[in-house]
Protein chains: 2
Amino acid sequence: MNAKARRRTLAEAVNGRGSVSVNELAAELGCSEMTVRRDLDLLERDGVVRRVHGSAVAASLRAHEKPYAVRAFERTEAKERIGIAVAALIGDGETIALDAGTTTAEVGRALRGRPVTVMPLGIRTLVDLAYDDHVRLIAPGGDVRVGELVVTGDLAEVAFERLRFDTFVLGACGIDEGSGVTTHVPADARVKRAAVASCGRTIAVADWSKFGVVAFGHVCSLSAVDLLVTDAPPSATAQLEALGLTVVRV
Amino acid sequence: MNAKARRRTLAEAVNGRGSVSVNELAAELGCSEMTVRRDLDLLERDGVVRRVHGSAVAASLRAHEKPYAVRAFERTEAKERIGIAVAALIGDGETIALDAGTTTAEVGRALRGRPVTVMPLGIRTLVDLAYDDHVRLIAPGGDVRVGELVVTGDLAEVAFERLRFDTFVLGACGIDEGSGVTTHVPADARVKRAAVASCGRTIAVADWSKFGVVAFGHVCSLSAVDLLVTDAPPSATAQLEALGLTVVRV
DNA sequence: ACGTTCGATCATAATTTCTGTTTGTTCGCA
DNA sequence: TGCGAACAAACAGAAATTATGATCGAACGT
């Protein structure tokens, strides 16, 4: 399990400092340069860093959205708690549309073994739940965006025309008092908007790091959200609650 | 790699003889009973065998459709050849609907790296192609049938209303002169029929073992198929060719 | 109630994955 | 074009993972 920890340290060093040389990394981690190179190759394949001759640079220097593999390592504990809390809010027999993303993936995990109907917008969660005997799974149609493995487009919206889910679990790239819920990719925003409009209630999930962030694509205003589940402290959620939003803190 | 071989032998012994006791299997395979039990547990989880106290019985004694894990080990070499042949029939830039099944899964594998648009009806192939940079992937909507991981239902048919694929690669449980193309699950037959009707051309794939088989659900007559790719010998395909079906032998 | 089968646990064995060294090649810079 | 650093491939030893068989108390079926 040391290899994983090392790669994580490595990713943090590179993305934290922007650019670090291979021999520098090897010295810091106390391993050979060959190992660093191999690790960097792996991380590059996952889009976490970028290689240049002699060193590695952060992949997300100016990127709007960090790659999934990067986000999957961030704030994992908070996301897990949020996932469990959302699952607790969902009753047996409910039908649920589950947004794509690292936080909603935790919701999917927490729903395993529950007698519910789930349509995940992310392929990863679809596969996660595929072998579960209790969950009734519905696949969403649509274009699969590589990397994220999220479905978008016309076909994805059709599902929300045809099916009326009880609950939509909405993931967000940004939650802001003024701009409401936003996401990096406008095409995703379209699908999310269709979901919010079609589903009975919308539960938004967002860890604290999303607060005050305004991303490119606007999804909906906060008034369209019925419930926000987050790990943010009272001081951060007070403003939102003042706007009438119900907040569940984990 | 010995463990896999042993499990395969074990599966063949059980499914071949219908029922074998644990100690008998342990003696035959030259390993401990504990190992046999563990193997049987794994095979049972995959639906290959069924456990009873003291022995294992074939899971598919009277089952209409063998589980995916069983079929995946059968006639693999023929399926692979068929997959490559079908991929060769498909031009760059084409849009393809890809049926679920073990044979069509090979077609998907053979399409990796090709600049084509693919919508696989099976989740396994969807995931197989998910990390391919060249293939443009479209996910089909619909209910996910556990075990097979194939999508069915209304939503799956919607995709064929909205999108016009150049080619449908049709997998079959049975190919028969009189009954045409048949499949075990009627719900699947509905989707396949919608696909045949919507796509520009239909390429059917079927290894020799499917010949003369008539399954429960009727998909279409042979006249609806433009091309049949198979490993069957000329003697087996002569009748079909006499009916006007174009056959590609691999 | 009896003998058999089972599943959990553990120590050992087999296998896979990981890692550092070596070697020769490629790359970037002057 | 030539130099030094960075690189990739190959290999061998190390580390981690997985598979295996033995043992024992519990569960099972007759």
Side-chain angles (χ1 to χ4, degrees), chain A residues 1-59 61 69-70 72-73 76 109 113 127-128 131 133, chain B residues 1-59 61 69-70 72-73 113 127-128 131 133:
Chain A
M1 201 61 71
N2 206 11
K4 279 184 188 172
R6 190 187 56 237
R7 279 179 208 123
R8 200 173 154 176
T9 311
L10 219 151
E12 280 166 13
V14 174
N15 281 325
R17 288 185 260 165
S19 168
V20 196
S21 74
V22 171
N23 41 33
E24 206 172 326
L25 287 166
E28 283 176 34
L29 295 172
C31 65
S32 74
E33 299 188 2
M34 196 60 231
T35 300
V36 172
R37 285 199 199 96
R38 272 187 284 241
D39 285 345
L40 289 178
D41 284 348
L42 281 175
L43 291 172
E44 182 170 45
R45 198 171 51 71
D46 290 344
V48 181
V49 304
R50 214 150 36 81
R51 283 304 310 280
V52 294
H53 200 84
S55 59
V57 302
L61 269 183
V70 177
F73 280 120
T76 49
R109 224 156 273 153
V127 174
D128 250 16
Y131 294 94
D133 289 333
Chain B
M1 203 61 71
N2 205 10
K4 280 185 186 170
R6 189 187 57 237
R7 279 181 207 121
R8 202 173 154 176
T9 311
L10 218 152
E12 280 166 13
V14 173
N15 281 326
R17 287 185 260 165
S19 168
V20 197
S21 75
V22 170
N23 42 33
E24 204 172 326
L25 287 166
E28 282 175 35
L29 295 171
C31 65
S32 74
E33 298 189 1
M34 198 58 234
T35 300
V36 171
R37 284 198 201 98
R38 270 188 284 243
D39 285 345
L40 289 177
D41 284 348
L42 282 175
L43 292 172
E44 181 170 46
R45 198 171 51 72
D46 291 343
V48 181
V49 303
R50 213 150 37 83
R51 282 304 310 281
V52 295
H53 202 83
S55 58
V57 302
L61 270 181
V70 177
F73 280 119
V127 174
D128 249 17
Y131 293 96
D133 290 332

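Residue numbers begin at 1 in each chain, while the letters A, B, ... track the order of the sequences.
Rounded to an integer number of Å, the gap from B:L40 CG to C:dG7 P is 10 Å. Atom CZ of A:R7 and atom P of C:dT19 are 6 Å apart (whole Å). In this structure, the CG atom of B:L29 is 16 Å from the P atom of D:dA19, given to the nearest Å.
The side-chain hydrogen bond (donor to acceptor under 3.5 Å, both in side chains) check on B:E12 picks up nothing, with sequence neighbours excluded. With sequence neighbours left out, B:L29 forms a side-chain contact (heavy atoms from CB on, under 4.5 Å) with B:R6, B:T9, B:L10, B:C31. Judged as a side-chain hydrogen bond (donor to acceptor under 3.5 Å, both in side chains), and not counting sequence neighbours, B:S55 has no contacts. Take A:N23 and apply the side-chain hydrogen bond (donor to acceptor under 3.5 Å, both in side chains) test, not counting sequence neighbours, and it matches A:S21.
Note: B:L25 CG to B:D39 CG = 9.5 Å, rounded to the nearest 0.5 Å.
The C1' atoms of five pairs define one axis at each end of the helix from C:dA1-D:dT30 to C:dA30-D:dT1, and these two axes lie 60° apart (to 10°).
At the phosphate of C:dT19, neither OP1 nor OP2 sits under 4.0 Å from any side-chain N or O atom of A:T35.
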What string of B, S and - do you get for nucleotides 6-15 of chain D 5' to 3' if you count protein non-hydrogen atoms under 4.0 Å? SBBB------
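For the pair A:K4/A:R8, no side-chain contact is recorded, criterion being any heavy-atom separation below 4.5 Å from C-beta on.
Checking side-chain atoms of A:E44 against main-chain N and O of A:R51 turns up a donor-acceptor pair under 3.5 Å. Remark: side-chain polar atoms of A:E33 are not paired, donor with acceptor, to backbone N or O of A:A26 under 3.5 angstrom.
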